[in-house]
There are 4 protein chains.
Amino acid sequence: MKAENKHSKIITAATKVFAKKGFFTARISDIAKEAKVADGTIYLYFNNKYDILLSVFEEGVGKILGKTQKLLAANDDPVEMLRIYVIEHLTAMRKNKNLAEVIQIELRQTNKVIKQYRDKKFSEYTGIITTIIQFGQEKGVFRSDIHPDLSKRILFGALDEVSRVWNVTLETHYTVEEVADQVLTIFLRGIMVANN
Amino acid sequence: MKAENKHSKIITAATKVFAKKGFFTARISDIAKEAKVADGTIYLYFNNKYDILLSVFEEGVGKILGKTQKLLAANDDPVEMLRIYVIEHLTAMRKNKNLAEVIQIELRQTNKVIKQYRDKKFSEYTGIITTIIQFGQEKGVFRSDIHPDLSKRILFGALDEVSRVWNVTLETHYTVEEVADQVLTIFLRGIMVANN
Amino acid sequence: MKAENKHSKIITAATKVFAKKGFFTARISDIAKEAKVADGTIYLYFNNKYDILLSVFEEGVGKILGKTQKLLAANDDPVEMLRIYVIEHLTAMRKNKNLAEVIQIELRQTNKVIKQYRDKKFSEYTGIITTIIQFGQEKGVFRSDIHPDLSKRILFGALDEVSRVWNVTLETHYTVEEVADQVLTIFLRGIMVANN
Amino acid sequence: MKAENKHSKIITAATKVFAKKGFFTARISDIAKEAKVADGTIYLYFNNKYDILLSVFEEGVGKILGKTQKLLAANDDPVEMLRIYVIEHLTAMRKNKNLAEVIQIELRQTNKVIKQYRDKKFSEYTGIITTIIQFGQEKGVFRSDIHPDLSKRILFGALDEVSRVWNVTLETHYTVEEVADQVLTIFLRGIMVANN
DNA sequence: CATGAATGAGCGTTCATTCAT
DNA sequence: TATGAATGAACGCTCATTCAT
């Protein structure tokens with residue numbers, strides 16, 4: 001936060017502004033003002049407005065992706081891996097509410113630039129879930145009648161919607177652990193083989 | 001489809017255009033052309049661009065809401081009620097892909113007008129889930145340690161994301177039953193009290 | 001001037017503004033104000049700023065070209081034909097000073113769009129000179145050692161520069177006849193075979 | 001070319017860039033890059049963009065003017081003087097195509113700064129023609145019914161347009177002598193008294 | 001002298017909305 | 001009701017110019 005260079009100052013400002021107003025309603029001048037730079041300065045670091053949004057994703061998702069991958073690498077228990085994924089995701093969303101908002105909102109935008117990006121970086125992030133589930137099925141821990149692709153959507157959709165509690169509603173009192181526990185309890189019971 | 005009046009012709013056109021281009025990228029003239037009316041005509045039926053989006057929701061969600069409420073009224077088994085909700089939602093999303101796209105995409109927009117609406121009509125629709133879960137808990141069918149509000153988000157988020165298979169990806173081959181089954185299997189196992 | 005439609009009102013205004021300020025210094029809002037329409041109205045009739053300039057040429061040069069071709073069609077005396085060309089050109093430049101200024105100034109602009117145009121419409125206009133000279137050479141009226149292409153440039157350059165007397169300097173007192181006579185006297189003596 | 005100082009390096013670069021892109025389309029950074037200096041450095045030597053253009057003229061035209069005046073000073077035959085003027089001008093245009101382009105294109109710009117300049121330096125250069133013609137009339141070599149001012153425009157316009165063969169068209173094969181001969185043949189026959 | 005990052009005024013263009021017909 | 005030409009506010013982006021280093 002302190003010795004930030006212009007680039008990251010703008011990224012931070014843009015994340016905030018996009019979170020607050022949405023991509024289309026946000027003005028370049030809003031971002032510039034928030035970053036305390038001139039409008040023109042932004043174009044020294046980014047090609048255009050879309051490029052800023054892209055960079056917000058790239059850096060934001062990239063960080064989470066990197067950290068998550070590192071944590072998962074040291075693990076080979078599918079259940080524990082899902083737990084890590086869920087907790088990491090919710091922690092990140094809780095911590096950087098602006099980024100969370102941007103991901104939740106703008107990722108849905110019907111826009112070629114964004115969609116194109118989504119297919120690359122973001123689907124790598126959600127794809128982790130698919131991989132874990134397949135891994136768990138091979139290990140005989142997760143039920144074989146579960147579709148890895150569909151259940152990836154089920155878990156990620158749940159996570160995405162559930163993480164809105166910290167942004168949109170009056171339910172901000174939930175802790176990450178509490179929320180993670182609910183999601184994991186439900187999802188794991190749902191996909192694990194009966195173990196009684 | 002035939003004897004449509006202007007109002008619903010515009011709604012249908014707007015749903016299509018919003019689904020294809022997104023709210024902000026869509027132009028009034030696009031909708032007018034799609035509806036085969038003059039630009040100005042639109043303003044005889046709607047106050048402004050936001051109002052069109054609002055109406056698209058109002059009518060779209062309203063129909064699903066109405067039908068779902070009717071079906072649920074004749075039922076008092078929480079499990080069956082969730083099944084009905086899930087199947088009705090997915091069927092609607094599958095049937096009217098344009099509406100599905102609009103709901104999925106635009107609902108996320110951070111915009112006062114839409115948010116304000118969401119709080120009224122849409123949360124009534126998702127609120128049904130909360131009610132069913134509480135009802136099930138009272139009946140002792142659903143575990144008491146489940147947060148109705150959180151699990152509402154978990155189920156709706158899962159449904160929302162899962163219904164994207166028919167719009168965005170190459171996975172359009174899934175049937176409604178197949179998808180519903182996966183969601184219900186996982187979610188119900190997750191929230192039901194052990195019944196062995 | 002009276003029952004002008006929007007299109008020609010804008011053309012007229014643009015001609016005036018381009019003549020006064022030059023293409024690059026002219027603002028769309030200048031043209032709009034001059035034409036007494038809103039800025040946006042201009043884009044109902046033209047694609048962009050270049051398109052306006054193009055149209056100014058197209059229509060301006062087109063008219064002169066048309067009239068000149070018609071007059072020349074009824075004639076087969078090379079000397080008389082050159083006389084007609086010179087007088088018509090100077091009359092047009094004198095009459096529509098704004099168009100004259102635009103042609104003289106902007107035609108020189110290094111710009112792909114304009115250059116491309118020049119190669120089509122405008123060179124058809126100056127090409128008439130080449131044709132007349134070749135015709136005169138075939139008839140044995142003009143000297144055979146004259147390069148039609150170079151002398152086309154010589155005559156057109158002379159005409160172009162000479163017609164500036166009515167726009168730029170204090171020499172506006174010259175009559176078209178006077179100026180035409182000087183150009184013709186010099187040029188015809190220069191290219192005709194000795195006839196003593 | 002080697003031990004050029006910054007000032008002339010910038011002038012040379014600007015001439016090249018203006019010739020290629022035109023004054024308005026050229027960017028200061030283009031010139032800086034071409035001159036291999038920083039953008040800011042240009043402002044140590046010139047007040048602004050117009051000032052650069054002005055200097056390009058000043059130096060370019062100045063050189064031609066100086067050389068032409070020197071050559072003419074040693075001569076008192078009007079016909080020979082015109083021949084010198086024509087050949088010198090065409091040689092200069094042929095040699096420094098960039099300067100030629102700039103003069104041909106930008107001199108036409110309707111712009112106060114440039115116009116103001118044109119009235120001083122450039123008209124001194126074209127004024128030479130007027131002087132020679134008046135001199136020739138006094139000597140009885142040139143016809144007395146020729147307007148010195150108009151014929152100055154006629155000759156200069158011809159020269160200006162004719163010198164474009166080396167820049168714009170596919171006719172670059174013409175030699176200076178060939179072109180000069182055509183211009184001189186036509187113009188001299190046109191203005192000289194009958195000499196049979 | 002030299003640099004080049006930073007500035008911010010300015011403009012072309014779009015498009016939701018209006019209104020005369 | 002219906003039209004669609006006209007409006008003009010608003011914004012992304014450029015680039016001449018400045019100035020701290």
Side-chain angles (χ1 to χ4, degrees), chain A residues 5-7 9-10 23-33 35-52, chain B residues 5-7 9-10 21 23-33 35-53, chain C residues 5-7 9-10 23-33 35-52, chain D residues 5-7 9-10 21 23-33 35-53:
Chain A
N5 58 13
K6 288 268 161 66
H7 183 94
K9 256 175 76 181
I10 294 168
F23 176 73
F24 289 104
T25 312
R27 304 298 151 220
I28 289 293
S29 57
D30 295 332
I31 299 172
K33 190 178 285 177
K36 284 175 186 154
V37 298
D39 289 24
T41 303
I42 290 180
Y43 290 88
L44 296 176
Y45 297 90
F46 303 91
N47 295 320
N48 51 47
K49 201 182 171 190
Y50 284 120
D51 193 32
I52 305 174
Chain B
N5 59 12
K6 286 271 164 68
H7 183 92
K9 255 174 76 181
I10 294 168
K21 313 185 79 171
F23 176 73
F24 289 103
T25 311
R27 281 173 286 138
I28 291 291
S29 59
D30 293 332
I31 300 172
K33 187 179 286 178
K36 284 174 186 158
V37 298
D39 291 22
T41 304
I42 289 181
Y43 288 85
L44 297 174
Y45 296 90
F46 302 90
N47 294 321
N48 52 43
K49 201 182 171 188
Y50 284 120
D51 192 32
I52 305 174
L53 182 57
Chain C
N5 59 13
K6 287 269 161 66
H7 183 92
K9 255 175 77 181
I10 294 167
F23 176 74
F24 289 103
T25 312
R27 305 296 151 222
I28 290 292
S29 57
D30 295 332
I31 299 172
K33 188 177 287 178
K36 282 172 187 156
V37 298
D39 290 24
T41 304
I42 289 180
Y43 290 87
L44 297 176
Y45 297 91
F46 302 91
N47 295 320
N48 52 44
K49 202 183 171 189
Y50 283 120
D51 193 32
I52 305 175
Chain D
N5 58 12
K6 288 270 165 66
H7 183 92
K9 256 174 76 182
I10 294 168
K21 313 185 80 171
F23 176 74
F24 289 103
T25 311
R27 281 174 286 138
I28 289 291
S29 59
D30 294 332
I31 299 172
K33 187 179 286 177
K36 284 171 186 158
V37 298
D39 291 23
T41 304
I42 289 180
Y43 288 85
L44 298 175
Y45 296 91
F46 302 91
N47 295 320
N48 52 43
K49 201 183 172 190
Y50 284 120
D51 193 32
I52 305 174
L53 182 57

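Order of the sequence lines sets the chain letters (A, B, ...), proteins ahead of strands, with each chain counted from 1. This is a predicted model, so every value here is computed, not measured.
- Ranked by how close their nearest DNA chain E nucleotide is to the 5' end, D/Asp39 and C/Asn47 are led by D/Asp39.
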### Task
Show your reasoning for whether side chain to side chain contact (heavy atoms under 4.5 Å, CB included) applies to A/Lys49 and A/Arg27.
CA-CA 9 Å; A/Lys49 201 182 171 190; A/Arg27 304 298 151 220; 4.2 Å; yes
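- With E/dG8, E/dT3, F/dT17 as the choices, the nucleotide that has an atom nearest any side-chain atom of D/Lys49 turns out to be F/dT17.
- Following rounding to the nearest Å, A/Phe24 (CZ) and E/dT14 (P) show an atom-to-atom distance of 16 Å.
- Closest contact between the side chain of B/Arg27 and the listed nucleotides F/dT3, E/dC15, E/dT13 involves E/dC15.
- Rounded to whole Å, the distance from NZ on B/Lys9 to C1' on F/dT3 is 14 Å.
- Using a 4.0 Å heavy-atom distance criterion, A/Ala32 is classed as making no nucleic acid contact.
- If you find the closest nucleotide of DNA chain F to C/Thr41 and to A/Gly40, the one lying nearer the 5' end belongs to C/Thr41.
- Taking every side-chain heavy atom of D/Ala38 into account, E/dG4 is the closest of F/dG12, E/dG4, F/dT3.
- We find that NE2 of D/His7 is positioned 16 Å from C1' of E/dC1, with the value rounded to whole Å.
- Interatomic distance, NZ of B/Lys21 versus CD1 of B/Ile31, reported as 10.0 Å (0.5 Å rounding).
- Going from atom CD1 of C/Ile42 over to atom P of F/dT7 covers 10 Å, rounded to whole Å.
- In this pair, A/Phe24 and A/Tyr50 present their aromatic rings perpendicular. The plane angle is above 60°, beyond the 30 to 60° band.
- C/Phe46 has its CZ atom 13 Å from the P atom of E/dT13, to the nearest Å.
- Residue C/Lys6 places no side-chain N or O under 4.0 Å from the OP1 or OP2 atom of F/dA5.
- Taking CD1 from B/Ile10 and CG from B/Asn5, the interatomic distance works out to 9.0 Å, rounded to the nearest 0.5 Å.
- Within 4.0 Å (heavy atoms only), B/Leu44 reaches at least one base atom of the nucleic acid.
- If you take CD1 of C/Ile28 and P of E/dC11, they are 11 Å apart, rounded to a whole angstrom.
- With a cut-off of 3.5 Å on both pairing distances, the Watson-Crick or G-U wobble partner of E/dT13 is F/dA10.
- The interatomic distance linking D/Tyr43 (OH) with F/dC15 (C1') rounds to 9 Å, in whole Å.
- Among the heavy atoms of the strands lying under 4.0 Å from B/Tyr45 are primed sugar atoms or P, OP1, OP2 only; no base atom is included.
- Judged by Watson-Crick or G-U wobble contacts below 3.5 Å, the nucleotide E/dT18 has F/dA5 as its partner.
- To the nearest angstrom, P of E/dT13 lies 14 Å from CD1 of C/Ile10.
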### Task
Evaluate the side chain to side chain contact (heavy atoms under 4.5 Å, CB included) criterion for residues D/Tyr45 and D/Ile52: first the C-alpha distance (whole Å), next the side-chain angles of each, then the deciding distance (0.1 Å), finally the verdict.
CA-CA 9 Å; D/Tyr45 296 91; D/Ile52 305 174; over 6 Å; no
